[in-house]
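This report concerns only the one structure given below.
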Amino acid sequence: MPKRIAARRSPIHGNGVFALTDIPKGIELIEYRGKRLTHAQADRLYANTSDSGHTFLFTLNDKYVIDANSEGNIARWINHSCSPNCRALSEDNTDGTLRPARVVIESLRALRAWQGPTCYCGIGPPDPLTPRLTHTQSRLLA
């Protein structure tokens, strides 16, 4: 299968991922890979790090996160968007084997070549910003 995406410099956040070809809706682009950590391990490991705006931890389930800082792939460079064109799907292991659960990135709509896949990463509010919600957010950030 030909390579569909590649990491490149991005004006959004320094690094990003871009489509190398047109990609239809509903295509699995990549698995989000990295070392599995418990939430407690991740909290200890990253407790004293500065808030640079970069995070490569992806919640897998109630017990584990994926740490793409270790053993990660280019999926960690997929940028955030409040209007994403891709989504992250958590696939639990239900087949009785020891295969771990995983997260895959899937296109929500067709992507044009050189367009950057983006996901909603929980960075901002998931609901539209109404005047009431904007006021609430402002008070929380103050």
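No hydrogens, no waters, no symmetry mates; every other heavy atom, side chains included, goes into these values.
When all heavy atoms of Asp62 and His39 are compared, the pair lying nearest together is O-CD2, 3.2 Å. Considering all non-hydrogen atoms of both residues, Ile78 and Pro117 come closest at CG2-O, 3.3 Å. Taking each heavy atom of Gln115 and Ala110 in turn, the nearest pair found is OE1-O, 4.2 Å. Contact between Cys86 and Leu108 at its shortest, heavy atoms only, is O-CD1, 3.4 Å. Nearest heavy atoms, Arg109 versus Pro84: NH1-O, 3.0 Å. Nearest heavy-atom pair across Ile74 and Val17 is O-CG2, 3.3 Å.
In this structure, the side chain of Asp22 does not engage the main chain of Arg112 through any donor-acceptor pair within 3.5 Å. Within the 3.5 Å criterion, the main-chain N or O of Trp77 finds no donor-acceptor partner in the side chain of Asn15. The backbone N or O of Asn61 sits nowhere less than 3.5 Å from a side-chain atom of Thr59 that would complete a donor-acceptor pair. Looking at Arg76, its side chain never comes within 3.5 Å of a backbone N or O of Phe56 through a donor-acceptor pair. When atom types are taken as modelled, the side chain of Ser107 and the backbone of Pro24 share a donor-acceptor pair closer than 3.5 angstrom. Between the side chain of Arg36 and the main chain of Asp67, no donor-acceptor pair closer than 3.5 Å is present.
Residues Ile66 and Tyr64 are members of one and the same hydrophobic cluster, defined by side-chain heavy-atom contacts under 4.5 angstrom among Ile, Leu, Val, Met, Phe, Trp and Tyr.
Expressed to the nearest 0.5 Å, how far CG of Leu29 lies from CD1 of Ile105 amounts to 8.0 Å. We find the CD1-OG1 distance between Ile5 and Thr21 to be 12.5 Å, quoted to the nearest 0.5 Å. Lys63 contributes atom NZ, which lies 8.5 Å from atom OG1 of Thr38 (distance to the nearest 0.5 angstrom). Taking CZ of Phe18 as the reference point, atom CZ of Arg9 lies at 10.0 Å (rounded to 0.5 Å). Between the OG atom of Ser81 and the OH atom of Tyr120 there is a distance of 10.5 Å, given to the nearest 0.5 Å. Here the CG-SG distance, from Asn79 to Cys119, works out to 10.0 Å after rounding to the nearest 0.5 Å.
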Start with the C-alpha distance between Leu37 and Val65, add both sets of side-chain angles, then the distance that settles side-chain contact (heavy atoms from CB on, under 4.5 Å), and finish with yes or no. CA-CA 5 Å; Leu37 301 174; Val65 297; 4.0 Å; yes
List the steps, then state whether salt bridge (charged side-chain N to carboxylate O under 4.0 Å, His left out) holds for Glu71 with Lys35. CA-CA 6 Å; Glu71 303 170 23; Lys35 186 174 181 176; 5.3 Å; no
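The pair Arg4-Glu106 does not count as a salt bridge, with every side-chain nitrogen at least 4.0 angstrom from each carboxylate oxygen.
The shortest side-chain heavy-atom distance between Leu20 and Arg8 falls under the 4.5 Å cut-off. Annotation: side chain of Lys25 is not in contact with side chain of Ile27 (no heavy-atom distance under 4.5 Å).
Asn73 and Tyr32 form no side-chain donor-acceptor contact under 3.5 Å, judged by distance and modelled atom types alone.
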